[in-house]
Structure formats: C-alpha cells, structure tokens
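Working notes, structure below.
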Amino acid sequence: MRLILLKITSVILLAILLFNCTKNSAEEMEPNTATQLTPYAVNIPDYFPKMEIPADNPLTVEGISLGRQLYYDPILSNNGNSCSTCHNSAEAFSSYSANSLPHINLAWNSTYLWDGHINGTLEDIMKFEVEDFFQTDISKLNNSSYYRSEFKKVFNVDVITHKNVEYALAQFFRVMVSSNSLYDKFYQHTANFTPSQMNGFITFITEKGDCFHCHSVGLFTDNRFHNIGIDSVFTGVNAGRYNYTNNPSDLGLFKTPTLRNIELTPPYMHDGRFQTLEEVVDFYNSGVKHSATLDPIMTKGTKMFGLGLSATDKQDLVAFLKTLTDTTFTKNPMLQQP
Amino acid sequence: MSTLNLYTRLFIILFITLTMSACKKDTKVPDKVEEPESTTSTVSFSFIPKNGTQALLWDSISNTNAAGNQFSVNTINLYISNVWLKHADGSMFKSNQVFYIDPKIASKSSFQLSDVPKGDYVEIQFLVGLDTIKNIDNGLETTMDNLNMAWPTMMGGGYHFIKMEGHYLDGASVSKGYAVHLGKNENLVQVTILNNLSFPNSSHQCSISFNVNEAFTSPYLYDLNAEANYTMSDSTAMSHIKTNLQDAFNITQNN
C-alpha cells in the first residue's frame, strides 16, 4: 500500500517537474510563431557599424520575402502606385521622374526624408509611408487569402494590421545593403583605382575637396543636416529642416544623402536642380552661396566659397564618385520584383 | 537495496528537487541582498560647454574671445579618454575607456566610470583625444560617431580628437565659418586639473565644463581673422589650439 502510494506520488511529482519545465521552454520560444521561421543574418562589412535590429522584429527569410512582395505590390496604395513606382531597382531604388530618395543602407539611418521629420527606426519610417503617405487600406490585404496566409506564416496573425505591413517592409529594407562597389574592393585591397579615380579620391578625402567631413567614408553620409549653400534665400521646400523644427538655425539644412550609387540617382539635391555630377562638382567648386546658416565646413580660409579645383581635378572627382556604383546591389536577386 | 527503499529514495529526491529548485527559470531569488558593501563608486560626468562662466548659447554669435572675435558654436564633438584620478599619496586610479561626447545631444553629453575606488582624490587627468594605441585607422569600434570622427589616412589616419565649429564675424562684420579640428598624435590634449574630489558613496556626479573662449585665448591669442579658421592641415594652428585647450576644462563635484 505504502509502496503504491509512493510510486504514484513519485510519478505525479515527476510529471509536475517535467510539465513545469516544458512549459517554460515553450515560453522561451516566443516570439517564434506557429510555423518555423528561418532566421536571416545580413552580410555586413566590418567597416560598417553594427546593424541594430529591434527585438520585436527579428529578420527572417519569410519576413523579408513578404516585405519584398509588398514593396512591389500596388495593393498598398489607392492610386495604382507601389513603392517600386518611385523606387526602382535599376536607379538604386530611386526614380528620376519622382526625384525620390534612394533606398540604400537605410538600416543605419535614424532620421528620414530630406528634412528629417521622421525619427527612429525603419519601423517608424514605414509607419509614415504606409499609414500617412499611402494611407493603405488594410481591408484589401485582409480580403486576399494569399496575404492572409502569408501574414499568418510570418507574424502568426489572423487579421493583418498596418503594423504587420510596416514590420515586413522594415525587414526588406534591412537587406537593402550596398557594400560591393569598386570603392569597397579598393578599400579591401582587392582592386585598384585608375590614376584619375585615385586623384578624385584624394580630393574627396583631404581638405582639397573636403567632402568627407559630411559624406563620411564608409556609409558616405554622416546622418546629419547641413546647409551647403545651394541657396541664400530660403522659402518653401528650400527652407529644409526649418520647416520641421521652426528653428532659424535650421534654415536651408538638409539631410546629407549617401553618395553610394550616386551615378544612378540623378537628378541631384533635394529639389533635383542639378542633372549631372559635373554640375554638382561645379557647384561645390565655385557656386556656394553665403547665408547665416551656411555650414562652417563650406567656408574655408583662403578658399572662401570655392575649392579652386582644376578642370582635371573636377573630372577626377566625378570619376571617384562613380566608383561608388554597386550593380551587385541594384541587381541583387533578393531585391528584385518577385 | 529493497524496492521500497528505491521508491522512498526516488520520492525524497523528487520532492527535494521540486521544492528546492523546481525549474531554475522560475526561481528569482534576489541574490544581492546580503552582499558585502562595494568598495567602488560609479561616478558620472556631465560635459557642459560654457561661454566664460555662462552656459553656452548654441548657434548664436554671442561669444567674444580675447582677440575680440565675435563667434558662435554650432558643433562640439570630442573624445574624452584615459580618465585618471590621483590620491593624495600619489597613487592613481587609471581608466583607459574612451567616451565620445556630443554636448548638443542629451544622451551623448555625459559618461560614467563604474569602478572608481571609493575615497578622496586630489587631481583628475584625462585626454581630449585618443592615446597612440587607439589613434589609428579602425582603432575604435565602427559606429556612426566614430566613422564621422575618422581622420583621413592620407592626412595621418586615426581620429579627430575634437571638432569645434561655428561662425565668426570678420573685420567687415560678415559671418564666416571656422572649423577647429585637432588630430594626429602630436596634438593630443593632456588635461590635468588639481581639485579635491571625494567619492565615499556608491554613486557620485561631477561636471566637466569646457570654456569655449579658452580655445582661442591663452597662452596663444588666436585671432580668427589672422590665423587659420580651418585648422586641419595647419600644424601650427593645431599646436596652438592644443596648448590653449589644456586649461580650458574645469571640474566640479555636484554630489
């Protein structure tokens, strides 16, 4: 009798022990959802900063693929546009006709759009794009059995929300990494520059051209705002960051754009006023206009309001800028229309 | 060993396991209750730019240096590293940590030393910049801030130690830009401040103030209209600013 009692109690205790533990490990598995998702790690060179990925939106092969489908699908808009209408892969995910900003290495940004009025993570800018800019009608996605099952797979949801759409897009943006240009190969000593490209690089990286103070080598942006003197009077869109902050010291300041793939993303500047890189370099060489908020870096000693570059120096600088073109990025199969 | 014994043992073992530890994950026993009192203090330092004795007004041409230049400050970015604290007997606490400081951004305007031995100190030393071991290309972790501080390889490599940028009024009252940038090992700024600091408790708070006017004042009277307003490739200008910066900092203990 006593033996049986002990036996039973032991078994019960053992069961409780096991049950408790299994329950706990099941909890640990969260946020992994019903179906098994495949984690994805982005390949990033060591001269890029670490990529911050929010804990509630880990990268998965399935999530990235869903983001990609959404990027190319006009279902998100009410006017037939998809993101890709104005962000076309061959133009480094920008568009000449829309003069849109390209989608390159945005995972390292913390302020978005020319005046920086959206701050935070890619999830935050996607919230703006989906809910404010596109005003996505979420019922269209919920009416699609295809998307319902895709979102179920990735986010384990029965009803799709704007947030789910934004999270999938943010995952896709995190794999839009460009780090395989001729410049990168030069930096890693696996390719050489021509003398002209080299001279352009020297102009870029020394005080001669002094581009590097804002287009910091690596990502070729400093993620900050500057008035580079394309205007001296600031009205409308040309007031830049001031339109968002109302701070007079922000008059004419714009986000420094990355120069990666710059050859593919004309026209140039926030309003697309320059058609070619030659025009841009001419501007930096001799067209800078003075104003109270002009960036201190743009006004230097004897070279006040001009760099004094020769015709050859200017050509070479353009030749260097073109070494930042990365067609393995624009043609990356993972980023193309599915 | 009898069967009865086996089950009794099993019962006891299971019972003990279950009651004592259950599943490790569930037991959140506070493990720091009765620890012996720590012998170190966490000291935080806020970095406060000043115009003389006043708080600096950013982006406004409201400062005047000893040469009479009216100037503004838009940007101050710097590294503070190797903070050393000296006891009266000459022994020192030496940290070799590097802190990137941007006083315009709240989250980057202070730093902490978490392992300062409790006690009294008579002197603080630190570098504005980086020692020679760290001041090489990729000597620091790749972060956006460190990328922005990189000093081009072709100009010597490593990092900017400090960037101070703004505008000043020239002789004709036209505003021009200046960019005081220091880099290269010979321009490393060693700051030594004699001051009594007392850290008896587990946490303390100090302020490091930086008087921006001092960058242009002594021992070299630095007139932005006469000297380089852009220092990066001017070794004389950099060495003057370096020397001026040595006494541009002060420390006060707040608690």
Side-chain angles (χ1 to χ4, degrees), chain A residues 2-7 9-14 16-17 20-25 27-28 44-50 108-110 201-202 204-208 210 212-214 216-219 221-224 247-250 290-304, chain B residues 2-4 6-15 17-19 22-26 58-61 72-75 137-138 141-155 160 163-168 170 174-181 227-234:
Chain A
R2 200 168 147 221
L3 178 72
I4 288 166
L5 200 75
L6 269 176
K7 262 189 188 173
T9 324
S10 302
V11 169
I12 289 172
L13 284 177
L14 193 68
I16 290 172
L17 197 66
N20 268 349
C21 290
T22 22
K23 196 176 152 223
N24 271 333
S25 45
E27 269 166 13
E28 270 167 26
I44 300 163
D46 61 4
Y47 49 95
F48 278 24
K50 224 181 93 214
W108 287 279
N109 257 242
S110 47
F201 180 49
I202 292 170
F204 189 92
I205 191 100
T206 61
E207 279 191 295
K208 191 171 172 192
D210 198 14
F212 71 94
H213 271 123
C214 302
S216 306
V217 166
L219 295 169
T221 170
D222 59 357
N223 280 347
R224 293 186 185 177
N247 178 349
S249 58
D250 284 334
H290 192 251
S291 67
T293 58
L294 181 60
D295 197 280
I297 298 285
M298 301 303 298
T299 68
K300 333 185 169 118
T302 53
K303 295 177 287 192
M304 190 76 177
Chain B
S2 75
T3 343
L4 182 88
L6 182 72
Y7 279 107
T8 315
R9 280 181 186 198
L10 184 59
F11 175 82
I12 291 167
I13 290 167
L14 280 174
F15 189 80
T17 324
L18 194 63
T19 49
C23 280
K24 252 188 192 156
K25 230 202 137 209
D26 286 339
W58 290 105
D59 306 319
S60 124
I61 302 195
S72 68
V73 183
N74 298 357
T75 302
D137 289 349
N138 305 314
E141 189 198 341
T142 311
T143 62
M144 202 63 220
D145 292 328
N146 291 342
L147 286 175
N148 288 343
M149 292 294 269
W151 190 272
T153 315
M154 278 158 210
M155 297 178 77
H160 287 74
K163 291 183 186 178
M164 179 167 136
E165 297 167 10
H167 297 105
Y168 69 101
D170 72 2
V174 173
S175 99
K176 286 185 179 168
Y178 72 87
V180 166
H181 290 188
E227 316 230 12
N229 54 355
Y230 205 78
T231 61
M232 199 168 176
S233 56
D234 186 328

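When reading the values below, keep in mind they use all heavy atoms of this one structure, side chains included, and skip hydrogens, waters and symmetry mates. Chain naming here is simple, since letters A, B, ... match the order of the sequence lines and numbering starts at 1 in each.
For B:Met155, the part lying under 4.5 angstrom from a heavy atom of chain A is the side chain only. Both the backbone and the side chain of A:Thr206 come within contact range of chain B, judged by heavy atoms closer than 4.5 Å. Heavy atoms closer than 4.5 Å to chain A are found nowhere in B:Ala228, neither backbone nor side chain. The parts of B:Ser233 that come within reach of chain A are both its backbone and its side chain, each placing non-hydrogen atoms under 4.5 angstrom from that chain. Interface remark: A:Phe48 contributes backbone atoms only to the contact with chain B (heavy atom separation under 4.5 Å). In this structure, chain A has heavy atoms under 4.5 Å from both the backbone and the side chain of B:Asn148. Interface remark: B:Met232 contributes backbone and side-chain atoms alike to the contact with chain A (heavy atom separation under 4.5 Å). Only the side chain of B:Asp145 comes within contact range of chain A, with heavy atoms under 4.5 Å apart.
For B:Thr142 against A:Asp46, the heavy-atom pair with the smallest separation is OG1-O, 3.0 Å.
We find the CE-OG distance between B:Met144 and A:Ser110 to be 8.5 Å, quoted to the nearest 0.5 Å. Atom CG of B:Asp59 is separated from atom CG of A:Asp250 by 8.0 Å, given to the nearest 0.5 angstrom. From B:Asp234, atom CG reaches atom CD of A:Glu207 across 9.0 Å, with rounding to the nearest 0.5 Å.
Among B:Leu147, B:Thr143, B:Asn138, B:Thr153, the residue making the largest number of heavy-atom pairs under 4.5 Å with chain A is B:Leu147. The most heavy-atom pairs under 4.5 Å with chain A, out of B:Gly166, B:Ala150, B:Ser72, B:Ala179, come from B:Gly166. Note on B:His181, B:Glu141, B:Lys163: by heavy-atom pairs under 4.5 Å with chain A, the leading option is B:His181.
By the 4.5 Å heavy-atom criterion applied to side chains, B:Tyr230 and A:Ile297 are counted as neighbours. Two residues are said to be in side-chain contact when any heavy atoms from C-beta on lie closer than 4.5 Å; A:Thr293 and B:His167 fail this criterion.
Here A:Phe204 pairs with A:Phe220, A:Phe320 under the ring-ring contact (aromatic ring centres under 6.0 Å, His included) rule; sequence neighbours left out. Remark: B:Tyr168 pairs with no residue by the ring-ring contact (aromatic ring centres under 6.0 Å, His included) rule, at least two apart or across chains.
The aromatic rings of A:Phe212 and B:His160 are tilted relative to each other, their planes meeting at an angle between 30° and 60°.
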Item checked: side chain to side chain contact (heavy atoms under 4.5 Å, CB included) assessment of B:Val174 paired with A:His290 -> CA-CA 10 Å; B:Val174 173; A:His290 192 251; 4.0 Å; yes
